[in-house]
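Sequence lines set the chain letters: A, B, ... in the order given, protein chains first and strands last, and positions in each chain run from 1.
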Amino acid sequence: MLDFELRRPTSLEDALAMLDTDDPSVRPWSGGTALMLMMKSGVFEPSVLVDLTGVEEEHASIRRLEDGGTSIGALATLASLQFDPHLASEAPVLGQALPRLANVRVRNVARVGGCLAHGDPHMDLPPILACLRGLVVARKADGERRIAVEQLFAGYYETVLDPGEIITAVELPTQTGWDSVYRKTTVRTHHDWPTVGVAISLRREAGLIVESRVIVSAATEKLTRLEAVENLLAGQPSNAALFTRAGRTAAELVETIDDAQGSASYKRVLVGVEVRRALSQILEEGSGS
Amino acid sequence: MRQHISFNLNGRPVSMDVGAHEDAVDVLRRRNLFGARESCGQGLCGCCTIKVDGVPVSGCLTLGLKLDGAEVETVEGLEREGVLDIVQQAFIDAGAFQCGFCTPGFVMMASDLLARVEAPTDEQIKDHLAGNLCRCAAYPEIIAAVRAAAEKRSAHAQV
Ligand SMILES: Cc1cc2nc3c(=O)[nH]c(=O)nc-3n(C[C@H](O)[C@H](O)[C@H](O)COP(=O)(O)OP(=O)(O)OC[C@H]3O[C@@H](n4cnc5c(N)ncnc54)[C@H](O)[C@@H]3O)c2cc1C
Ligand code: FES
Ligand code: FES
């Protein structure tokens, strides 16, 4: 860790102005858990860090939107997501997954925005927010745009965010009628980084699957939506035979990568198993109509 | 960048010059506090646990500069007038360590749990301490110590 300047703006406007440059050594700082590791290992040498944690409190809040959806401020800590009472009823999959993400201390400081902007495919939250049909709200000095979580990632540790663009929130549409499950496979400890993460949401009506989201991450170069599996599920009655077919299709289509968590061929098998298990789990646990 | 920062350390105001390259463990060592130790340096082991503004964090992942204006608590701040805190005493009574390197971190995390949950289950204890590693593997004694501290604390509260 060399020398740099830490700037601590108290408004988002000021933060955006400080980040309005093409210099990649000027970066936003939220929880700093990922940045500290990159700085300590020499992968990233900042000149200026813009600490977002001092901006208006609303950017850390989790609130219900008028249309029944939920807005999660980019500066909300992972711990606040884990214990938020509204999310506990609206999207219980978050509270179920978070206790296995890193540890208490990391969750106390890491923020939703940092988690998404880091672009690391080995993360648990992005696939869940994608299956919940989340939209990333991103702001630059000259305006705001919304990007579907599943379209945020351009490649390995790469996002579509422009230099100086800040994530300010994630918006979730209402989850009424949908049931979601996240399955995380780890190869070392229970709380380890995922080897495979599979997040699935289903909307069912009269016993038939009407719509779904099937998202795979960690096993892949970047978060991936498997639309072919969604098409296979559409209009079908949920049963074990269908889920086996869905798992097999997912395993055939998914492009897995080798890394310290396992070989590509091992992960391909796991993706198939976890897609099938996730679907069965929704059938067993889901409240769906 | 070096900056003059001020913060409350175990209830007392301090101010000092801090360099951009220093993490919170470096800063505390310069205050002669050696309870928070850097071991993995990556947020994994919990040996460097301190509380910043009331929540436990990894000192090794905390920028020294970010302590400016904060309320910082370390294991050294737990005892009162030379008397160990209930959790510290419980670790001694249960023999919940061998070399003791990991102990301050476990004690800080355990006190945080007991401040939130009066009578934690073994499952809750394990979940809360999952990010702390003990190379001597004193885990069974550590869990027993936390359970004993919880019981002692609720007995005290009822008196
Ligand atoms: C010990 C340990 C274990 C972990 N285990 C897991 C695990 O099991 N599962 C898992 O999913 N993750 C795990 N993680 C990763 C953790 O989830 C991330 O480090 C964390 O979410 C990053 O968030 P942050 O706020 O700390 O980001 P920061 O480090 O502050 O920032 C990360 C990146 O995002 C940029 N950035 C930050 N905020 C914004 C913003 N609002 N807009 C635009 N860009 C922004 C920064 O410039 C930087 O490039 C682990 C981390 C540690 C240290
Ligand atoms: S030294 Fe900080 S968590 Fe291991
Ligand atoms: S007592 Fe030696 S590391 Fe825990």
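Ranked by heavy-atom pairs under 4.5 Å with chain B, the first of A/T189, A/L35, A/D51 is A/D51. Interface check for chain A: of the options B/K66, B/H128, B/Q3, the most heavy-atom pairs under 4.5 Å are formed by B/K66. Your options are A/R100, A/R105, A/E5, and the one with the most heavy-atom pairs under 4.5 Å with chain B is A/R105. Ranked by non-hydrogen atom pairs under 4.5 Å with chain A, the options B/D68, B/L44, B/V52 are led by B/D68.
Using the six-membered ring where Trp is involved, A/Y157 and A/H122 have ring planes that are tilted, between 30° and 60° apart. Below 30°, between 30° and 60°, or above 60°: for B/F106 and B/Y139 the angle between ring planes is above 60°, a perpendicular geometry.
Side-chain contact, A/N108 with A/T77: no donor N or O sits under 3.5 Å from an acceptor N or O. When only modelled atom types and interatomic distance are considered, B/D85 and B/Q89 share no side-chain donor-acceptor pair under 3.5 Å.
Using a 4.5 Å cut-off between heavy atoms, B/L129 makes no contact with chain A at all. Only the side chain of A/R8 comes within less than 4.5 Å of a heavy atom in chain B; its backbone stays farther off.
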Q. Step by step, would you call A/S180 with A/I200 a side chain to side chain contact (heavy atoms under 4.5 Å, CB included)?
A. CA-CA 6 Å; A/S180 305; A/I200 299 188; over 6 Å; no
